[in-house]
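This report refers to the structure that appears directly beneath it.
These numbers were taken from a predicted model, which means no experiment stands behind them.
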Amino acid sequence: MIYSPLESVVYRLKEAVERVIRERYGLEESVRIEEEKKYGDFSFKCFSLAKAIGERPDKMAEAVKLGLEREHLPFVESIDAVGGYVNFKLNIPELAKMTFEAISKLRDKYGFNPAPSVERIIVEHTSANPIHPLHVGHLRNCCLGDSLARLLELRGHDVSRHFYVDDVGLQVAYAAYGYSKLGMPEPSMKPDHFIGYVYACTYNIVETISIRRRLEELKREQEFEEYKSLVSRLDEVLGVLSRLKKKSPETFDKLLDRISSEVDPEKEIAKINRLYEKKDPSVVDIVRKTVLTCLKGIKETLERLGVFFDSWDWESEVVWSSLVQEVIGRLRTTEFVAYKQGALILKAEEAARALNLKELLSIPIKYEIPDMVLIRSDGSTLYTTRDIAYTILKFKNAEKVVNVIGVEQKLAQIHLKIALSILGFMKEVKNLVHYAYEQVKLSRVRMSSRRGVIVTIDDLIEEAKSRALLEIEQRARVLSYDEKLSIAEAIGIGALKYSMLSVSPTKPIVFDWKRVLDFTQNSGPFLQYAYVRAYNILAKSSEGESILGCKVDTRLFASKEERDLLKHLSKFPAVVAKAADDLRPDYITEYVNDLAKMFNLFYDNYPVLSAEETLRKARLKLVASTALVLRNVLTILGIKPITRM
RNA sequence: GGGCCCGUAGCUCAGUCAGGAAAGAGCGCUGGCCUGCGGAGCCAGAGGCCCCGGGUUCGAAUCCCGGCGGGCCCGCCA
């Protein structure tokens with residue numbers, strides 16, 4: 001079974017070139033056949049090899065051309081030697097036959113392209129703090145993680161999607177404290193939005209109380225400089241509070257009232273955090289209920305996005321299993337751990353130098369790695385410390401772990417790897433990928449979950465949907481309102497996903513609705529529209545998708561547009577392989593955007609249904625193949641293919 | 001201050017891993033076409049010191065060194 005037509009052709013070409021070089025020059029060389037658009041389909045450059053053996057590049061190109069011509073390669077139409085280049089034009093009818101065969105056999109699996117060796121891979125993604133709704137940043141994380149998982153599956157890997165429920169830590173304690181003060185009521189809005197609201201209110205109310213207390217002290221001590229700056233900080237927090245109050249006055253007042261009557265809320269919160277780590281029954285219920293409530297809302301959003309997980313890993317379970325204590329115990333026996341002002345720290349720089357980790361982890365030699373705090377002076381652990389144990393657990397069921405985490409956590413991930421190295425998990429460190437992506441910037445909005453200012457995924461979906469609906473209305477198709485709504489949802493969500501995936505992960509995304517929902521180019525709707533066009537030609541034909549099973553005369557594809565389209569279709573599994581191996585979903589978006597453009601060009605210039613019968617069949621099969629590939633790609637990207645819009 | 005990432009057409013970006021032939025696309029702009037298998041079109045054109053300066057090389061947008069500009073990180077937060 002040939003999964004990847006173009007790849008197999010190029011591979012045969014590569015072998016042929018190597019054979020010729022071996023026969024002509026007696027050299028065992030591995031050569032590279034590169035894609036070329038201007039002078040043919042592929043090319044081989046002779047320069048470096050020619051230089052190595054003291055031959056003239058143009059002479060070598062000529063020799064390779066002659067040698068290849070004697071081989072009579074059926075999938076090559078012509079070979080040219082120009083300067084030091086050997087240029088190849090592919091025999092498109094032959095390639096088309098192979099491609100059609102692969103497509104008709106594999107159908108929805110066309111694109112599947114198993115790697116030479118398959119692995120069990122855990123993709124951990126989204127993993128938002130379970131105390132507020134998902135926001136734009138999580139959207140990028142979620143889309144990347146989900147499409148990476150799908151890509152790796154297409155490479156034949158055994159992929160498991162994990163969501164790390166970070167239910168341990170100070171922030172969760174704040175939310176749980178506030179929620180419990182309210183008497184843990186049924187949320188009056190979407191549950192994650194409600195918990196997020198409670199968290200923001202609680203955080204700022206507590207902050208106000210501590211600032212006021214500190215101000216009293218400063219007044220007594222006559223520290224006017226600090227007093228002044230703290231007053232302006234207080235103003236800021238009060239501003240946040242008044243804004244929060246407007247959103248849900250009853251909940252707010254109740255919370256304010258009950259927290260203000262406490263002696264020392266901050267201490268209470270730290271206590272919840274400490275006790276929860278010890279699985280103390282007095283706090284387990286309130287923390288769990290808080291987190292589960294929020295998670296319910298988060299799951300609703302994920303479901304709407306069509307994203308699922310195989311495993312929900314609770315951080316508390318890792319802590320309670322005593323693995324965290326074990327890890328700390330083992331680290332403590334090494335020379336790299338010390339106490340500093342009551343906290344247990346890991347001397348990361350020293351460890352990295354002693355174990356020679358800098359090169360392995362690509363850390364600059366002159367960069368001084370800061371210490372890592374393992375245990376707070378009050379005895380509680382920190383996120384990264386707990387992550388050491390969690391990572392060890394993940395590797396019990398996988399050879400490779402991909403963590404989709406923002407680039408801002410780079411240092412924490414380096415700390416994690418250093419700690420694992422000290423513990424002897426070298427193989428794991430090498431197979432632990434911090435898949436770092438840049439931030440999503442919304443013009444003007446500066447988000448902060450503490451201040452309760454976040455643009456949630458739910459908000460974005462709603463806005464995308466209503467904008468899409470507006471576009472649909474303008475076209476005035478004969479569709480019922482319900483149909484329009486569900487199409488708008490598919491377009492809106494598809495547009496959001498595409499916008500998150502189409503930018504390479506190292507670049508920040510500047511979110512811009514005009515671009516997200518640009519129906520004419522490089523967007524989700526643009527792809528969906530191409531699919532609609534292809535689908536409707538098929539729907540109008542008598543054969544429909546069954547044309548994929550029919551033999552057609554591939555020699556009829558004479559135009560540049562048809563040739564380009566066929567070549568592009570044959571390339572798809574190769575793109576999947578590259579995208580999966582390099583973890584780059586944006587390679588797929590680039591591919592499919594080109595595919596849609598090529599199809600549009602074909603569509604506008606070559607009639608299908610009204611063509612002469614043998615030609616009609618050939619073109620119809622090309623349309624069906626394009627539709628199928630579009631559908632498969634959209635699925636990888638998590639975008640819903642629709643048949644009307 | 002130190003580290004990382006980014007800098008290519010008016011705009012949004014490919015191309016940089018693995019150096020190669022006149023630097024690619026779309027949008028926008030200019031001019032033309034078209035009553036179409038869904039016009040959310042089609043064809044043509046203009047538009048580039050590939051951030052700057054050195055170096056390596058027969059050859060640099062691509063590799064190396066030094067700058068400049070923007071973002072992020074350097075928490076007993078996650």
Side-chain angles (χ1 to χ4, degrees), chain A residues 32 34 36-39 43 45-48 51 57 82-85 87 127-129 131 166 168-172 315 340-345 362-364 366-387 405-412 414 436-439 441 449-450 471-472 474-475 477 502-510 512 514-515 518-523 525-526 528-530 532-541 582 584 586-587 589-590 593-594 597 600-601 603-611 616 619-620 623 644-645:
Chain A
R32 252 164 52 89
E34 287 165 87
E36 217 312 309
K37 285 179 184 127
K38 231 176 292 175
Y39 302 91
S43 77
K45 293 165 189 152
C46 299
F47 301 97
S48 61
K51 189 175 185 184
V82 186
Y85 303 89
N87 297 323
S127 300
N129 267 333
I131 51 158
D166 184 15
V168 181
L170 229 36
Q171 299 188 15
V172 174
E315 190 174 28
K340 196 161 135 192
Q341 290 151 13
L344 191 72
I345 58 143
S362 45
I363 302 166
K366 52 184 173 175
Y367 174 62
E368 178 101 8
I369 308 166
D371 290 339
M372 167 190 182
V373 175
L374 291 167
I375 302 184
R376 292 192 184 92
S377 41
D378 77 350
S380 61
T381 56
L382 284 102
Y383 171 82
T384 313
T385 312
R386 303 186 292 265
D387 207 14
I405 298 175
V407 68
E408 67 278 3
Q409 291 198 41
K410 196 162 193 168
L411 177 59
I414 284 172
Y437 60 93
E438 272 288 347
Q439 299 193 326
K441 292 182 199 310
S449 51
R450 280 185 184 170
E471 293 280 340
I472 298 166
Q474 275 176 21
R475 314 295 154 192
R477 300 255 163 239
S502 58
V503 177
S504 94
T506 53
K507 294 189 183 188
I509 292 178
V510 180
D512 174 5
K514 271 211 300 292
R515 239 174 287 136
D518 182 345
F519 281 56
T520 66
Q521 58 140 348
N522 201 26
S523 72
F526 175 64
Q528 284 167 320
Y529 183 60
V532 167
R533 288 175 129 187
Y535 179 90
N536 282 299
I537 291 180
L538 277 183
K540 282 195 181 133
S541 69
D582 294 358
R584 292 287 297 273
D586 53 309
Y587 291 173
T589 57
E590 195 200 346
N593 187 50
D594 287 342
K597 277 192 289 195
N600 284 338
L601 219 51
Y603 178 95
D604 285 310
N605 290 296
Y606 303 93
V608 178
L609 298 177
S610 60
R616 184 191 70 89
R619 286 184 179 162
L620 191 62
V623 171
R644 289 200 280 183
M645 62 190 280

Can you check the [X] [atom1] to [N] [atom2] distance for me, whole Å?
X: Leu601(A); N: G36(B); atom1: CG; atom2: C1'; value: 16 Å
X: Gln171(A); N: C76(B); atom1: CD; atom2: C1'; value: 14 Å
X: Ile414(A); N: C5(B); atom1: CD1; atom2: C1'; value: 13 Å
X: Ile363(A); N: C5(B); atom1: CD1; atom2: C1'; value: 16 Å
X: Leu170(A); N: C77(B); atom1: CG; atom2: P; value: 6 Å
X: Leu609(A); N: C37(B); atom1: CG; atom2: C1'; value: 5 Å
X: Phe47(A); N: C58(B); atom1: CZ; atom2: P; value: 14 Å
X: Glu408(A); N: C72(B); atom1: CD; atom2: C1'; value: 8 Å

Shortest side-chain distance from [X], nucleotide among [options]:
X: Asp604(A); options: C43(B), G71(B), G41(B); value: G41(B)
X: Tyr603(A); options: C37(B), C74(B), G26(B); value: C37(B)
X: Lys51(A); options: G3(B), C5(B), C58(B); value: C58(B)

Hey, which of these two, Asn605(A) or Val532(A), hits RNA chain B nearer its 5' end, going by closest nucleotide? Val532(A)

If you pin Glu315(A) and Arg533(A) to their nearest nucleotides in RNA chain B, which one's is more 5'?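 Nearest nucleotide further toward 5': that of Arg533(A).
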
Taking a pair as Watson-Crick or G-U wobble with both distances under 3.5 Å, which nucleotide is matched to [N]?
N: U62(B); answer: none
N: C4(B); answer: G71(B)
N: C37(B); answer: none
N: C13(B); answer: G24(B)
N: G45(B); answer: C29(B)
N: U56(B); answer: none

Please list each protein N or O that sits under 3.5 Å from an N or O in nucleotides 9-15 of chain B, with the distance.
residue	atom	partner	partner atom	Å
A14(B)	OP2	Lys507(A)	NZ	2.4
A14(B)	O2'	Glu590(A)	OE1	3.2
A14(B)	O2'	Glu590(A)	OE2	2.4

Taking the [atom1] atom in each of [N] and [M], what is the distance between them to the nearest angstrom?
N: C74(B); M: U8(B); atom1: P; result: 28 Å
N: G45(B); M: C4(B); atom1: P; result: 45 Å
N: G20(B); M: G31(B); atom1: P; result: 39 Å
N: G15(B); M: A25(B); atom1: P; result: 15 Å
N: G7(B); M: G53(B); atom1: C1'; result: 16 Å
N: A61(B); M: C27(B); atom1: P; result: 27 Å
N: U30(B); M: A9(B); atom1: C1'; result: 16 Å
N: G10(B); M: C29(B); atom1: P; result: 15 Å

Considering every strand and a 4.0 Å limit on heavy-atom distances, what is the contact class for [X]: base, sugar-phosphate, or nothing?
X: Leu344(A); result: nothing
X: Val608(A); result: base
X: Ala412(A); result: base
X: Ile537(A); result: base
X: Gln409(A); result: base
X: Arg386(A); result: sugar-phosphate
X: Tyr535(A); result: nothing

Test log, rule side-chain contact (heavy atoms from CB on, under 4.5 Å), inputs Arg376(A) and Thr385(A): CA-CA 11 Å; Arg376(A) 292 192 184 92; Thr385(A) 312; over 6 Å; no

Is the distance from OP1 or OP2 of G3(B) to the nearest side-chain N or O of Lys410(A) less than 4.0 Å?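 No, no such contact exists.
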
Set out, in order, the CA-CA distance, both residues' side-chain angles and the distance that settles side-chain contact (heavy atoms from CB on, under 4.5 Å) for Arg584(A) and Ser504(A), then state yes or no. CA-CA 7 Å; Arg584(A) 292 287 297 273; Ser504(A) 94; 3.4 Å; yes

Taking every non-hydrogen atom, the tightest pair across Met645(A) and Gln528(A):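 Answer, listing the atom of Met645(A) first, then Gln528(A): SD-C, 3.7 Å.
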
Closest approach of Val608(A) to Ile537(A) (non-hydrogen atoms, all atoms of both residues): CG1-CG2, 4.1 Å

Set out, in order, the CA-CA distance, both residues' side-chain angles and the distance that settles side-chain contact (heavy atoms from CB on, under 4.5 Å) for Arg533(A) and Asn600(A), then state yes or no. CA-CA 9 Å; Arg533(A) 288 175 129 187; Asn600(A) 284 338; 2.9 Å; yes

At a cut-off of 3.5 Å, list every protein nitrogen or oxygen paired with a nitrogen or oxygen from nucleotides 21-23 of chain B, distance to 0.1 Å.
residue	atom	partner	partner atom	Å
A21(B)	O4'	Tyr85(A)	OH	3.4
A21(B)	O2'	Tyr39(A)	OH	2.2
A21(B)	N6	Asn87(A)	OD1	2.9
A21(B)	N1	Asn87(A)	OD1	3.3
A21(B)	N1	Asn87(A)	ND2	3.1
A22(B)	N7	Tyr39(A)	OH	3.0

Could you list all N or O pairs between the protein and nucleotides 62-64 of chain B that sit under 3.5 Å apart?
none

Can you find an N or O donor on one side and an acceptor on the other, under 3.5 Å apart, linking the side chain of Thr520(A) with the base of C27(B)? no

Tell me, yes or no, whether the heavy-atom count around Tyr535(A) atom OH, taken from other residues, nucleotides or ligands under 6.0 Å, exceeds 12. no

